[in-house]
2 protein chains.
Amino acid sequence: MYRYKITFAYDGTNFAGFQVQPHERTVEQTLQIAVNKIAKKPTPPLGVYGSGRTDAGVHALAQVAHFDLPFDIPGDSLRRALNSILPLDILVKDAQQVSSEFHARYNAHHKRYRYRVSQGEFVDPFKRNYTAHFKYPLDVARMQQACQDLVGEHDFTSFVAAGSQTKSKVRTIFDARVWRDEHDQEILFEFSGNGFLYNQVRIMVALLLEIGSNQRPIDDIPRVLAAKDRNQARGTAPAAGLYLVDVSYND
Amino acid sequence: MYRYKITFAYDGTNFAGFQVQPHERTVEQTLQIAVNKIAKKPTPPLGVYGSGRTDAGVHALAQVAHFDLPFDIPGDSLRRALNSILPLDILVKDAQQVSSEFHARYNAHHKRYRYRVSQGEFVDPFKRNYTAHFKYPLDVARMQQACQDLVGEHDFTSFVAAGSQTKSKVRTIFDARVWRDEHDQEILFEFSGNGFLYNQVRIMVALLLEIGSNQRPIDDIPRVLAAKDRNQARGTAPAAGLYLVDVSYND
């Protein structure tokens, strides 16, 4: 078998998330159908392994996955073959043959997420699936200062959705920033780290929006982190605003 | 009765066009449901009259319609009431009371349409419903020069979809232009005129794309106009790229 790594974008609007679920259209299942078609439907079917899951409605600009094929094919031919089979809401941007040791999930050492917030009294119809809408004024400088308290190695127990099975809640955030995009009239958040817990980015954004709209003190994050209590962070920002921007490997 | 004019945007992706059709979700029907709800469901139901139809998948940045209500309400209150009832893919941007003589269709004297074309080998998943995809290189200067032949008063019989019931095919185009948007890596077309025939903009764009990709001579438009024959123009560009930008009135 030959192992391949693919990098792909998807519009999460019409997917019930990444992971295969019975009777649902998911990204993983859609990729598996395409890969098995290229491999002439082997038995048992081939699996596709993503760098991690994304929820229903969450988007990706450069998600990564790996799979094995029973033949040797140039990366660019594989990319074009996949794109000619896949529906238009998934686009393979790069495909390459990699070592059989490569694993999209276990070898990932760095992920970056972006979150888009649109402002205004009502949501722009063209942004309803691609941003979260927040109608109250936001103080970007205040959020930019506060989010620096998320940078570093922390126990993110207060920032994980209930029901997460992960044992250690310790993760490292390398970089966090917030800025206003004048062209698109949006507020953008970006976080890079060595991994993120279930709903972590959406919970961090919800808390930062409370700080940015003066519903919480600017220095509240150290207190919430120390509490190790999900009830301290409260909200979860909507899925539609979240994008997996890239996944990095030592390869 | 009091007459109101509304200006509204919609994402056409999930609408079967503007006009009411049995068993289909349309813009006109969706607006009528909201207006009748505000009017406490009178019998017979109130009608909503648009400046003109748009096809399934076609978008609007500022479409205009009028309707009558049995009471006097400030425009801004009406706008907010409609937006709180309407689904997120329609947004009322402005509402105002107008003279009972005002008619959104008969009084419109100027309409502007934009057409977005995305380039690249495969379509960006986030643009699949918002642009037409054209993968071959395009010569913008060539299209910009050619489209000047559309400006002025012409018989557009060669540029109307078969089956149009309109008697006169004479329309005036005030302005036509083509440019490259570097930020979004798109080619944009814009046309303003005193009215457009069924599919006229999409047929004009399809022909300009043939000129821009050297499949037709640059001076082909006068010949096609003079032929008064739909078969001379051939294609129709996809609905997803088309936007009604605005409608002007003497008011």
Please answer whether the main-chain N or O of I73(A) pairs with a side-chain N or O of S77(A) as donor and acceptor at a distance below 3.5 Å.
no
Taking side chain to side chain contact (heavy atoms under 4.5 Å, CB included) as the criterion, tell me which of K5(B), H66(B), Q63(B), R105(B) meets it with S51(B).
Q63(B)
Side-chain donor-acceptor pairs under 3.5 Å in residues 16-23 of chain A, sequence neighbours left out?
residue	atom	partner	partner atom	Å
Q21(A)	NE2	A16(A)	O	3.0

Taking a cut-off of under 4.5 angstrom between non-hydrogen atoms, the residues of residues 26-34 of chain B near chain A are none
Which region of F8(B), side chain (C-beta onward) or backbone (N, CA, C, O), has a non-hydrogen atom less than 4.5 Å from a non-hydrogen atom of chain A, or is it both or neither?
neither
Aromatic plane relationship, Y106(B) with H103(B) - under 30° parallel, 30 to 60° tilted, over 60° perpendicular:
parallel
Going through the distances and angles, do E190(B) and R114(B) end up as a salt bridge (Lys or Arg N to Asp or Glu O under 4.0 Å)?
CA-CA 4 Å; E190(B) 217 169 83; R114(B) 186 176 300 155; 2.7 Å; yes
As a quick check of understanding, evaluate side-chain hydrogen bond (donor to acceptor under 3.5 Å, both in side chains) for R116(A) and Y243(A), giving each step before the final call.
CA-CA 8 Å; R116(A) 291 172 57 184; Y243(A) 294 73; 3.2 Å; yes
Where does the angle between the aromatic ring planes of Y130(B) and F126(A) fall among parallel (under 30°), tilted (30 to 60°) and perpendicular (over 60°)?
perpendicular
Select one option (side chain, backbone, both, neither) describing which atoms of I90(A) are under 4.5 Å from chain B's heavy atoms.
backbone
Taking every heavy-atom pair that is under 4.5 Å apart, which of K93(A), E121(A), H59(A) has the most such pairs with chain B?
E121(A)
Sort H133(B) into side chain, backbone, both or neither according to what part of it lies under 4.5 angstrom from a heavy atom of chain A.
neither
Within the side chain of Y136(A), is there an N or O that forms a donor-acceptor pair under 3.5 Å with the backbone of G212(A)?
no
